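For reference, the structure is listed below as structure tokens.
As the structure lists them, so they are numbered: ligands from 1, and atoms in each ligand from 1. Count residues from 1 along the sequence. For clarity, every value in this text was computed on a predicted model and none was experimentally measured.
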Amino acid sequence: MLFIFSRRRVFMQYGLIGEHLGHSFSKMIHEKFGYYHYDLKEISKDHIVEYFKEHPFKGINVTIPYKEIAFKACDHLDEQAKSIQACNCIVNKDGKLYGHNTDYDGIVETFKHFDIDLKDKKVLILGKGGASKAFEAVCKDHQAAIVQIVYYKPYPGCITYEDVQRSYLDADILINATPVGMAMHSNASPIDLSPFTNLEFVFDAIYNPLNTKLIQQAKKLNIRCTNGLLMLVAQAKYAAEYFLNQKIDMDLDSLVDTIILQTCNLVFIGMPSCGKSTISRQLANNLHKEWIDLDEEIEKETGMKIAEIFERYGEDRFRNFETLVTFKNCIKNNVVIACGGGIILRKENIEALSQNGIIIYLDRPLDNLIRHDPSRPKLKEGIHTLYKERKDLYEKACDIKIKNDKTIQKTMQICIESLKNKNLYKKFK
Ligand SMILES: Nc1ncnc2c1ncn2[C@@H]1O[C@H](COP(=O)(O)OP(=O)(O)O)[C@@H](O)[C@H]1O
Ligand SMILES: O=C(O)C1=C[C@@H](OP(=O)(O)O)[C@@H](O)[C@H](O)C1
Ligand SMILES: [Mg+2]
């Protein structure tokens, strides 16, 4: 009896099920609709069949790797779920399960938003999992001329990445439906875009990090592109409409903006002693965000003070630690990060921090900077020499430059005001 009671207590009415949900934004999105609590429930492969048998929910979303099992568990399926053979949304009506695939709608919504006409286009879809099938269905329904699935090894119906190099470099649209480039592997890209000749649009279904390596490259090459955030937000809205059996009146583009604001990081760069650590910590307190100082993280990881690392191992080794710690922290969400002054010396550091972060350059008058401090070994080279070497790198790396020539409190207020500028966040769209 007690057993049944305790199990009932944890039943969720609305939520997301999947195997690993650590990086999901779904709770945040669904609760913005304002109709219900939304929970995240990780279920192991051993328990998933039983979960569907019991179906203890009113409405759920389903994510990797259970969309196909969900499809099989449903009593009724809509056309999109049938054609994709996978469900990401199930509604429980009087004990019967109604399956939908709102990923399909999220994809259509995204192509529409960017005004991409799929008709007669040559489309490459990387990956052959659940998301890939939804993209394939959308492309075929919208009369793309060729829809080719790319897989990393030979597989029926798929081509390999070598085949792409040989005969598909004239593709019009490229879609990443693999997890390559996602959070823990954010330094990887599924494909190099530079040899493509005709790419009109790149669609990366990943939304964390907001800017994957693939998206960063597309932007560099001036190819129009999107991450998976609008798709995610749109599929959530359509799922909520199925859950509630009513229309939800919410502008998706503004919802995307809200999610970006709540998930992106604020990253401080600038000369040694320009105020990065001090001002970013106060800003984090003020905005109720977690604060991370990369120098402190290096000291924690190595168990040594910065000056000791320089002395015992030299600058190069210090820079390796710095890059390691940068890669570990850059894929977090909603954190404020203080970097060390030399972070801009390696391009890959800034690229990594830019995946989820707005880069803020704190510019403090040189005359106000500390000249001698044994805990800051680079100062021995002289502030003017360092500034000459680095000035352009700071300028180039930053999204916004803020003068720190007033009080700490005042500069922090200026940061807060400047960060209200919506244009800053366009880099994530
Ligand atoms: N606007 C300011 N007015 C007065 N002191 C400041 C100002 N900005 C920074 N400082 C001081 O400068 C010193 C170095 O700041 P810190 O945050 O450690 O710099 P960074 O992390 O950029 O090296 C600290 O003592 C800090 O309080
Ligand atoms: O400018 C630099 O090369 C360095 C700056 C330091 O951080 P601060 O900028 O916080 O002093 C620290 O990362 C290390 O001593 C190297
Ligand atoms: Mg510092």
Salt-bridged, K422 to D257, with N to O below 4.0 Å?
no

So for P272 against ligand 1, with non-hydrogen atoms under 4.0 Å, the contacting part is backbone

Checking contacts here: is it the side chain or the backbone of R319 that comes within 4.0 Å of ligand 2, counting heavy atoms only? Could be both or neither.
side chain

Provide the number and element of each atom of ligand 1 under 4.0 Å from a heavy atom of T407.
1 (N)

Does the side chain of T212 pick up a donor-acceptor pair with the side chain of N227 at under 3.5 Å?
no

Ring centers of Y238, Y104 separated by less than 6.0 Å:
no

Residue and atom name of the nearest protein heavy atom (relative to atom 11 (O) of ligand 2), distance in Å to one decimal:
R376 NH1, 2.7 Å

Hey, which atoms in ligand 1 end up nearer than 4.0 Å to a heavy atom of M271?
22 (O)

If you count the atoms of ligand 2 from 1 in the order shown, which ones are under 4.0 Å from a heavy atom of K276?
8 (P), 9 (O), 10 (O)

Record the part of R364 in heavy-atom contact with ligand 1 below 4.0 Å; permitted values are side chain, backbone, both and neither.
side chain

Side chains of T160 and D163: donor-acceptor distance under 3.5 Å anywhere?
yes

State, without any angle test, whether S194 and D192 hold a side-chain donor-acceptor pair at a distance under 3.5 Å.
yes

State if R281 counts as touching ligand 1 under the rule of any non-hydrogen atom under 4.0 Å.
no

With heavy-atom distances below 4.0 Å as the criterion, list the atoms of ligand 1 near K276.
17 (O), 19 (O), 20 (P), 21 (O), 22 (O), 23 (O)

Are side-chain N/O atoms of K289 and N334 paired as donor and acceptor at under 3.5 Å?
yes

Among all protein non-hydrogen atoms, which one is nearest to atom 5 (C) of ligand 2, and what is the separation to 0.1 Å?
G341 N, 3.3 Å

Ring centroid separation F33 to H30 under 6.0 Å:
yes

Please determine whether S277 has a backbone or side-chain N, O or S atom lying under 2.8 Å from the Mg ion (ligand 3).
yes

Does F203 have its ring centroid less than 6.0 Å away from the ring centroid of F135?
yes

Among all the protein's non-hydrogen atoms, which is closest to atom 13 (C) of ligand 1, and how far away is it?
I370 CD1, 4.0 Å

Filtering D295, T278, L369 for the heavy atom nearest atom 10 (O) of ligand 2 leaves D295

With backbone taken as N, CA, C and O and side chain as the heavy atoms from C-beta onward, which portion of E381 lies under 4.0 Å from ligand 2: side chain, backbone, both, or neither?
neither

Atoms of ligand 2 under 4.0 Å from any heavy atom of P377, numbered from 1 in the order shown, are 15 (O)

If the contact criterion is a heavy-atom separation under 4.0 Å, does R390 count as touching ligand 2?
yes

Verify whether one side chain among Y38 and N61 offers a donor that lies under 3.5 Å from an acceptor in the other.
yes

Mark up the atoms of ligand 1 that fall under 4.0 Å of a heavy atom belonging to S277, in ascending order.
17 (O), 20 (P), 21 (O)

Is G270 in contact with ligand 1, taking contact as a heavy-atom separation below 4.0 Å?
no

Per-atom contacts, ligand 2 versus P272 - under 4.0 Å to a heavy atom:
1 (O), 9 (O), 11 (O)

Sub-3.5 Å N/O-N/O distance, G340 and ligand 2
no

Ligand 1 atoms in contact with K406 (distance to a heavy atom under 4.0 Å):
1 (N), 2 (C), 3 (N)

Evaluate E308 against K305 for salt bridge (Lys or Arg N to Asp or Glu O under 4.0 Å), listing each step before the verdict.
CA-CA 5 Å; E308 191 186 347; K305 290 279 167 205; over 6 Å; no

Does at least one non-hydrogen atom of A338 fall below 4.0 angstrom from an atom of ligand 1?
no

Can you tell me which residue and heavy atom of the protein come closest to atom 15 (O) of ligand 2, and the distance to 0.1 Å?
I306 CG2, 3.4 Å

Are a donor atom and an acceptor atom from the side chains of E297 and N329 found within less than 3.5 Å of each other?
no

Give a yes or no on whether a salt bridge exists between K237 and E109, defined as a side-chain N under 4.0 angstrom from a carboxylate O.
no

Below 4.0 angstrom, N of the basic side chain to O of the carboxylate: do K220 and E351 qualify?
yes

Identify whether the distance between the nearest side-chain nitrogen and carboxylate oxygen of K133 and E68 falls below 4.0 Å.
yes

How close does the nearest protein non-hydrogen atom get to atom 17 (O) of ligand 1, and which residue and atom is it?
T278 OG1, 2.4 Å

For atom 8 (N) of ligand 1, what's the nearest protein heavy atom and its distance?
N404 ND2, 3.0 Å

Cation-pi between K122 and Y168: NZ/CZ under 6.0 Å from ring centre and within 45° of the ring axis?
yes

Under 4.0 Å from atom 19 (O) of ligand 1, do we find at least one protein heavy atom?
yes

I need the I309 CD1 to I298 CD1 distance, nearest 0.5 Å.
6.5 Å

Taking distance alone, with no angle check, do K378 and ligand 2 share an N/O pair under 3.5 Å?
no

Counting both backbone and side chain atoms, is some N or O of T411 under 3.5 Å from an N or O of ligand 1?
no

Which protein heavy atom lies closest to atom 27 (O) of ligand 1, and at what distance to 0.1 Å?
I408 CD1, 3.6 Å

Should E200 and K121 be marked as a salt bridge (Lys or Arg N to Asp or Glu O under 4.0 Å) after you check the CA-CA gap, both sets of side-chain angles, and the distance that decides it?
CA-CA 10 Å; E200 169 193 348; K121 297 288 160 65; 3.1 Å; yes

